[in-house]
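The structure appears right after this line, and notes come after that.
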Amino acid sequence: MTYLINNNSNVTKRVEFAENSDSQSTLRANGLGLSLIKSYEELERPELPIDAVSSQLVEILAKNDTSIIIGETGSGKSTQVPQLCVKAGLHEMGKIGITQPRRVAAFALANRVAEEMETQVGDKVGYKFRFNNETSEETNVVFLTDGILLREAIFDSFLSSYTTIIIDEAHERSLHTDILLYLLRMIQKQRRENSDMNPLKLVIMSATMNSEKISAYFDNAPIYYIEGRTYPVELFYANSLTIKDDDDYVYNAVSVVLDLHESEPIDHDFLVFLTGQEDIEKAQKMVKDDQKNATTRKILPLGLYASLSTQMQARAFSKAPQGTRKVIFATNIAETSLTIPGIRIVIDTGRVKQKLYSSQEYEKMDEMPTPEILRSNLCGVLLELSSIGLKSPSTIKLLDQPNKENIEAALDMLEKINAITVKKKLVKNVAKSFVELTSLGKKLSDFPVDPIFARILIAAEKLNCLEEALTVVAFISSEDVFLPLPSSLKEEEKYTRKFDTNEGDHIKFLNIFRAYKSAKNSLKHQELKEWCVSNCINERRLQNVIKARKQLRDTCINKKYNVGSCGLNTSLLRQAIAHGLFMNACEYDPVSKSFKLISSPGIKVKIHPSSCLAMHRPTTIVFTELVRTKDLFARTVSLVDAEWIKKALDPQNGLLS
DNA sequence: TGTGAACTT
């Protein structure tokens with residue numbers, strides 16, 4: 001069937017509307033309209049493929065409990081569907097929430113949609129992710145990370161402030177998205193059955209066509225396809241141009257930028273994909289060095305990656321000054337879901353790297369990545385789900401079922417740390433686990449960190465060293481603050497860094513935090529920066545640690561914890577750490593000259609060379625994490641007393657009530 | 001005696 005639809009822009013488009021099967025209607029806005037449109041620069045906003053079907057979508061959104069919308073990046077679904085929900089009146093009884101797997105995406109989309117709806121960010125349109133909340137009473141549409149919506153569900157298990165939840169980028173299958181899909185399906189059912197509550201409308205959006213699975217998961221919800229691409233962007237692969245240096249893809253990418261800078265109009269901005277933060281900083285510096293003497297036709301090199309501050313990320317979305325070209329060096333955070341205004345040329349270095357792989361490996365890379373839920377430690381999410389009220393996590397029905405052993409291992413761990421009790425019951429001759437949250441488990445789930453880290457905080461309160469424990473937990477649950485050591489450093493110098501202590505790496509973190517605080521009080525801004533560099537510290541990451549610490553501390557204050565300090569008595573702090581990490585306790589084994597895991601003595605580990613205890617030979621240690629390379633290495637290690645480990649294993653332990 | 005990098009509460 002073919003319908004002709006008139007839309008607001010006076011452009012007539014041909015739209016095919018085909019009914020494929022009972023469960024699946026197909027809405028196609030084929031690209032025909034695009035050739036009729038004027039250059040996007042002359043329009044308020046670029047014409048989007050979704051515009052052709054917007055009025056049908058409003059009806060669909062108003063009518064269906066659950067809709068699945070499939071559209072390519074650039075179809076406009078992320079910016080337009082929330083606005084169409086408003087047109088359908090879904091904001092009248094509560095908020096419309098739209099989740100993103102990444103913070104930048106939530107931030108950028110909120111800014112764009114606020115502009116299109118002619119409102120300020122934080123007013124009718126807002127965003128919310130960890131450490132940032134730009135929403136108010138007035139907010140109708142909120143862009144938030146999937147992780148934070150999951151947190152909200154702990155405090156409001158019906159998500160009652162929302163009328164509509166849109167899950168965007170469902171194809172990425174992030175751990176949080178998968179859990180949310182499960183949870184939303186359940187909440188939708190509960191709200192439908194409870195006459196006091198408004199129904200919950202769900203919209204699942206994805207870029208891939210393999211959507212039957214999601215549809216089946218939601219009782220065969222109808223699937224709608226939006227076809228077509230957005231405004232023209234030229235895509236260059238770096239290897240199709242002159243390769244200057246075979247080994248240095250950053251150098252190649254920058255060379256391409258500088259070449260194209262000569263030939264392209266100055267108001268066409270560039271987007272360059274690189275693999276990581278380090279490469280991005282390097283590329284920015286290379287461009288800056290090249291531009292030192294430039295007076296006209298300047299380049300403004302900007303970075304865009306997750307750990308960049310919100311302000312710096314915002315610069316990537318703002319306009320470059322007149323006569324200056326904006327060049328954005330980004331990780332894959334910008335690859336999906338983001339459309340950055342002004343970008344006309346995209347330089348993708350991926351191909352250059354890929355030619356380093358054999359064809360077999362190349363094919364492997366091309367396959368769909370394994371959903372995160374199939375390869376993650378499930379402790380944290382299972383505790384969250386128990387806290388929301390789920391009684392039988394072993395029978396949880398997810399889009400992809402994690403293997404049973406994985407779930408059992410996580411439940412076993414939660415039981416060992418006394419966060420839950422598990423009762424096995426026979427249901428229709430099949431053993432099922434029923435989970436009950438303990439009072440300790442409830443406390444642990446208040447903190448946005450791994451449950452074993454939260455246990456450190458609980459023990460620390462009783463040991464009167466919570467102030468210090470907050471610092472340690474903030475460090476171990478954040479990114480590594482150390483800059484990579486220059487290989488020019490001699491071996492001896494590496495291990496005589498001034499914060500090292502024979503108590504271990506956790507106390508070293510405390511030393512760094514204390515030293516930074518006092519340096520901050522006595523030094524000027526620039527001097528403080530230099531202080532960080534000379535101590536091999538990444539200052540921005542350290543600031544993130546400080547933010548995480550504040551968030552944890554606020555939770556403690558809120559829950560009326562006694563936030564005391566042990567001062568110089570760091571033995572108390574290590575005792576608290578032992579109460580969290582007791583499952584990771586190891587004893588030195590003189591026979592094998594390695595450490596054996598106390599909980600399973602067959603496993604032998606070595607202290608990672610980066611640890612300040614690597615050159616020592618402590619009897620008993622606890623570690624934060626294990627990494628497997630040539631051997632099994634324990635990273636971030638502390639010296640402990642064997643007695644503390646025994647005490648931590650005791651269920652009657654008064655420190656953890 | 002040696003880290004994949006990116007994402008997130």
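Here is the naming used below: chain letters follow the sequence lines, and residue numbers restart at 1 for every chain.
- In this structure, the CZ atom of Phe623(A) is 18 Å from the P atom of dG2(B), given to the nearest Å.
- Heavy-atom contacts from other residues, nucleotides or ligands closer than 6.0 Å to CZ of Arg151(A) number more than 12.
- Among the nucleotides dG2(B), dT1(B), dT8(B), the one closest to any side-chain atom of Ser610(A) is dG2(B).
- Atoms CG (Asp450(A)) and C1' (dT9(B)) sit 11 Å apart, rounded to a whole Å.
- The Thr331(A) side chain lies nearest to dC7(B) when the options are dT9(B), dC7(B), dG2(B).
- Among the nucleotides dT3(B), dT1(B), dT9(B), the one closest to the side chain of Pro609(A) is dT1(B).
- Here Phe633(A) lies in heavy-atom contact (under 4.0 Å) with sugar-phosphate atoms only.
- With sequence neighbours excluded, the residues forming a side-chain contact (heavy atoms from CB on, under 4.5 Å) with Val125(A) are Ala110(A), Val113(A), Ala114(A), Met117(A), Thr119(A), Val141(A), Phe143(A), listed by chain and number.
- Distances shorter than 4.0 Å separate none of the side-chain N or O atoms of Thr145(A) from OP1 or OP2 on dC7(B).
- At the heavy-atom level, Gln277(A) lies under 4.0 Å from the strands shown only through sugar-phosphate atoms.
- Rounded to an integer number of Å, the gap from CZ of Arg102(A) to P of dT9(B) is 12 Å.
- A centroid separation of 6.0 Å or more is found between the aromatic rings of Phe129(A) and Phe131(A).
- Rounded to whole Å, atom P of dG4(B) lies 10 Å from atom CD of Glu625(A).
- The NZ-P distance, from Lys606(A) to dG2(B), rounds to 7 Å in whole Å.
- For the pair Arg130(A) and dC7(B), the criterion of a side-chain N or O lying under 4.0 Å from OP1 or OP2 is not met.
- Each of dT1(B), dT8(B), dT9(B) was ranked by its minimum atom distance to the side chain of Arg151(A); first place goes to dT9(B).
- A donor-acceptor contact under 3.5 Å is formed by the side chain of Arg635(A) with the base of dT3(B).
- At a threshold of 4.0 angstrom between heavy atoms, the contacts of Leu150(A) with the nucleic acid are absent.
- Out of dT8(B), dT9(B), dT3(B), the shortest distance to the side chain of Glu384(A) is found at dT9(B).
- Both the sub-6.0 Å distance and the 45° axial angle are satisfied by Arg185(A) relative to the ring of Tyr217(A).
- For the pair Asp480(A) and Gln551(A), both in contact range of DNA chain B, the more 5′-proximal nearest nucleotide belongs to Asp480(A).
- Following rounding to the nearest Å, Asn132(A) (CG) and dT8(B) (C1') show an atom-to-atom distance of 14 Å.
- Distance CD1 (Ile388(A)) to C1' (dT9(B)): 12 Å, rounded to an integer number of Å.
- Within the structure, side-chain hydrogen bond (donor to acceptor under 3.5 Å, both in side chains) contacts touching residues 441-457 of chain A (residues at least two apart or in different chains) are Ser387(A)-Ser445(A).
- If you take OH of Tyr305(A) and P of dA5(B), they are 15 Å apart, rounded to a whole angstrom.
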